[in-house]
Protein chains: 2
Amino acid sequence: MERILEADDGDEPTPRGGRIRARNKAHIIAAAEKVFAERGYDGATTAEIAEIAGLAKSNVHYYFGTKEAIYREVIAGIVDLWLRAFGDITANDDPAVAIPAYIRQKLLYSRKRPLASRIFATEIIRGAPILRPFLELELHDWVADKARVLERWAADGKMDPVAPHHFFFLIWAATQTYADFGTQVAAVLGRKRLKEEDFETAIETVTQIVMKGCGIRR
Amino acid sequence: MERILEADDGDEPTPRGGRIRARNKAHIIAAAEKVFAERGYDGATTAEIAEIAGLAKSNVHYYFGTKEAIYREVIAGIVDLWLRAFGDITANDDPAVAIPAYIRQKLLYSRKRPLASRIFATEIIRGAPILRPFLELELHDWVADKARVLERWAADGKMDPVAPHHFFFLIWAATQTYADFGTQVAAVLGRKRLKEEDFETAIETVTQIVMKGCGIRR
DNA sequence: GTCTATACAACGATAGAC
DNA sequence: GTCTATCGTTGTATAGAC
C-alpha cells in the first residue's frame, strides 16, 4: 500500500526529526486537506495552503518539494481511513450485526471526516490517477473476498441473493453522500449545517432499507 | 430557474444569430463539459477548453467573456437534465411503478451523461456556490412535495413509513455513483469500462433493495 | 536546518487587427 | 462579426540568504 501511494523517496537516509519540522508539516497537511477538498487537485494552490498553514508559500515547497507530494501524503492518510472503516466482515459473522455496524461506521466517518471523503471523491471523479492501483488491487480483492462472504450468507439463508459488488456500491454511495453532498443534503433539509440527529436519521434509514431490502432479519 | 443560473446579460438587444457563432459556442460548451468534469472549476483552464474545441484561447473569451460564464451555461444545461429526470411522481401514482421508473431513469442518465453528473458532483462538493439557490429553492420544494407523496403512500399502506428526504438521498447517491465513481466501480468489477450489462445489474440491484427495503410490493 | 527573494511558465482577460 | 497579439497576474518551483 505504502509502496504504491508514497512518492519515491529515493535514498533519503534519516527521516529528519525536528520539532519545528513535524509541527509545520502537520499544519501544511491539515491546510492542504481543506484546500484540496474545496478546489480539487488542479485548483488547489500552494499559496492558499501556505496562507492557511500560516507559512510563507516558498516554505511549503521547502518541506514537501512539490504540490503532488503534499497531495500524495493527504491521500495516503485517507486510504488509511478507508481500510479501517472496512472492519472485518467474515462468513462467521452474523449479517444482522456486521452490516449495521459497517453502515454506522461509514456514516460516522462522513460526519467526522467530511474533507477526507470529499478529497477521495474528487480523486475518483478525475479518473483516480493516484488511487488507481489501490482500487484495482487492495479494494478489488477486498470486495472479491466479501462477495464470497455474502454468497455464503445467501446460501445459508441469512440473506437474499444480491449482486455483492453492487451491494457495496450502494452502501458506499448512501453513506458517503452525507459528506460529499453534505451541502445538498443540508439545503434540501432546510438546514445551515447537518446536525447530529440528521446523521442518526440517516443511519436508521439506510440501515432499515438495506437490511429489509436484502432480507436480513434483525 | 434561468434567472438564477444565467449570468446577468444586462441589456443585450439581439440574441446575435450567426451560424459560425452557434457552431463555435456549441464546440466550446462540449469541450468545457469535458474539462470541468475532469479538473473541476478552479482547475479547468480556458486554454484546454479552447484546444479541445479547436479554437484559439482568446477566441473562447470572445464568445463567452469569462470562464465563469462558460461554467454557468454548462451548469444550466445540467440542471435541465436533473429537472427532467425528476419525472412526475404524484400521490395518485402506484409506487410499484413510479419508483422503479425513477431509479431506472436516474441510472440511465449516469450511463448517458456521466460528465454532466460529475460536474454536478464537483459543484456540490466545492460548496455549491453557483447551484445553492437551485438547491435551496427548486430542489428543496420538490423534495418537500414528494415527501408528502411518500407519507400519503405510507398512510395508504402502499409502503413502509420511511424518512422521505433520506429516501431520495439514498436513491440519488446509489444511482449517481455509477457516473461519478465510475472509475472505482469499474476497477472493483475488474473492467476497463462499464458495460451495458453492468448498468442493468445496477438497476436490478438498486431497485430490488429499495423496493423490498421500503415494503413496496411489485 | 529554516526561510525568503526571485525565476519563469501559464493563467484569465482585453485591446486592437482583420 | 470574427479572431489574434499582448498584457498584468498568479502559478509552481528553486537558488540562495539567514
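Basis for what follows: all heavy atoms, side chains included, without hydrogens, waters or symmetry-related copies. Sequence lines set the chain letters: A, B, ... in the order given, protein chains first and strands last, and positions in each chain run from 1.
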Honestly, is R72(A) close enough over F64(A), meaning NZ or CZ under 6.0 Å from the six-membered ring centre and within 45° of the axis?
->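 No, cation not above the ring by the 6.0 Å, 45° rule.
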
Hey, is the side chain of N24(B) poking within less than 4.0 Å of OP1 or OP2 on dC3(D), counting only N and O atoms?
->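 Yes, such a contact exists.
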
dG1(C) OP1/OP2 closer than 4.0 Å to side-chain N/O of R21(A) =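 No.
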
Nearest-angstrom distance from the residue atom [atom1] of [X] to [atom2] of [N]:
X	N	atom1	atom2	answer
N59(B)	dG1(D)	CG	P	14 Å
K67(B)	dT14(C)	NZ	C1'	17 Å
E68(B)	dA13(C)	CD	C1'	14 Å
H61(A)	dT2(C)	NE2	C1'	16 Å
F64(B)	dC3(D)	CZ	C1'	16 Å
R19(B)	dT2(D)	CZ	P	11 Å
I28(A)	dC3(C)	CD1	P	9 Å

For residues 45-67 of chain B, pull every pair meeting salt bridge (Lys or Arg N to Asp or Glu O under 4.0 Å), keeping only residues two or more places apart or in separate chains.
->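 Applying salt bridge (Lys or Arg N to Asp or Glu O under 4.0 Å) to every pair that reaches into residues 45-67 of chain B, excluding sequence neighbours, yields R39(B)-E48(B).
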
Atom of A187(A), atom of E136(B) and distance for their closest heavy-atom approach |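 Minimum heavy-atom contact is CB-CG, 3.9 Å.
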
What bend angle does the helix from dG1(C)-dC18(D) to dC18(C)-dG1(D) show across its length, from five-pair end axes and to the nearest 10 degrees?
->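 If I round to tens, the end axes sit 0° apart.
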
Side-chain donor-acceptor pairs under 3.5 Å in residues 23-35 of chain A, sequence neighbours left out?
| residue | atom | partner | partner atom | Å |
| --- | --- | --- | --- | --- |
| N24(A) | ND2 | Y63(A) | OH | 3.0 |
| E33(A) | OE1 | R113(A) | NH2 | 3.3 |
| E33(A) | OE2 | R113(A) | NH2 | 3.4 |

Please output the side-chain donor-acceptor pairs of residues 142-151 of chain A that fall under 3.5 Å, not counting sequence neighbours, one pair per line with the distance.
| residue | atom | partner | partner atom | Å |
| --- | --- | --- | --- | --- |
| K146(A) | NZ | I89(A) | O | 2.9 |

Please write out each protein N/O paired with an N/O of nucleotides 15-18 of chain C under 3.5 Å, distance rounded to 0.1 Å.
none

Quiz item: K57(A) side-chain donor-acceptor pair to dT12(D) base, under 3.5 Å =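 Under the 3.5 Å cut-off, the side chain and the base do form a donor-acceptor pair.
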
With sequence neighbours left out, write down each residue that passes side chain to side chain donor-acceptor pair (under 3.5 Å) with [X], or none if nothing qualifies.
X	value
T46(B)	H61(B)
Q208(B)	none
Q184(A)	none
R104(B)	none

Report all side-chain donor-acceptor pairs from residues 115-126 of chain A shorter than 3.5 Å, counting only partners two or more places apart or in another chain.
| residue | atom | partner | partner atom | Å |
| --- | --- | --- | --- | --- |
| S117(A) | OG | D180(A) | OD1 | 2.7 |
| R118(A) | NE | A179(A) | O | 2.9 |
| R118(A) | NH2 | A179(A) | O | 3.0 |
| T122(A) | OG1 | R118(A) | O | 3.2 |
| T122(A) | OG1 | I119(A) | O | 3.0 |
| E123(A) | OE1 | Y71(A) | OH | 2.5 |
| E123(A) | OE1 | R126(A) | NE | 3.1 |
| E123(A) | OE1 | R126(A) | NH2 | 3.3 |
| E123(A) | OE2 | I130(A) | N | 2.8 |
| E123(A) | OE2 | L131(A) | N | 3.0 |

Among dA13(C), dT2(D), dT4(C), the nucleotide that comes nearest once only the side chain of T66(B) is considered =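 Among dA13(C), dT2(D), dT4(C), the one nearest the side chain of T66(B) is dA13(C).
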
Shortest side-chain distance from Y62(B), nucleotide among dG1(D), dC3(C), dT4(D) =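 My answer, after comparing the listed nucleotides, is dG1(D).
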
Could you list the residues that satisfy side-chain contact (heavy atoms from CB on, under 4.5 Å) with A163(B), not counting sequence neighbours?
->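 Testing A163(B) for side-chain contact (heavy atoms from CB on, under 4.5 Å), a comparison that skips the adjacent residues, returns T201(A), T205(A), H166(B).
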
Indicate yes or no for a side-chain donor-acceptor contact from D93(A) to the backbone of T90(A) under 3.5 Å, with no hydrogens or angles considered.
->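 At least one qualifying donor-acceptor pair exists.
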
Positions of residues 29-55 of chain A (non-hydrogen atom under 4.0 Å from DNA chain C), listed by number =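 Result for residues 29-55 of chain A: none.
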
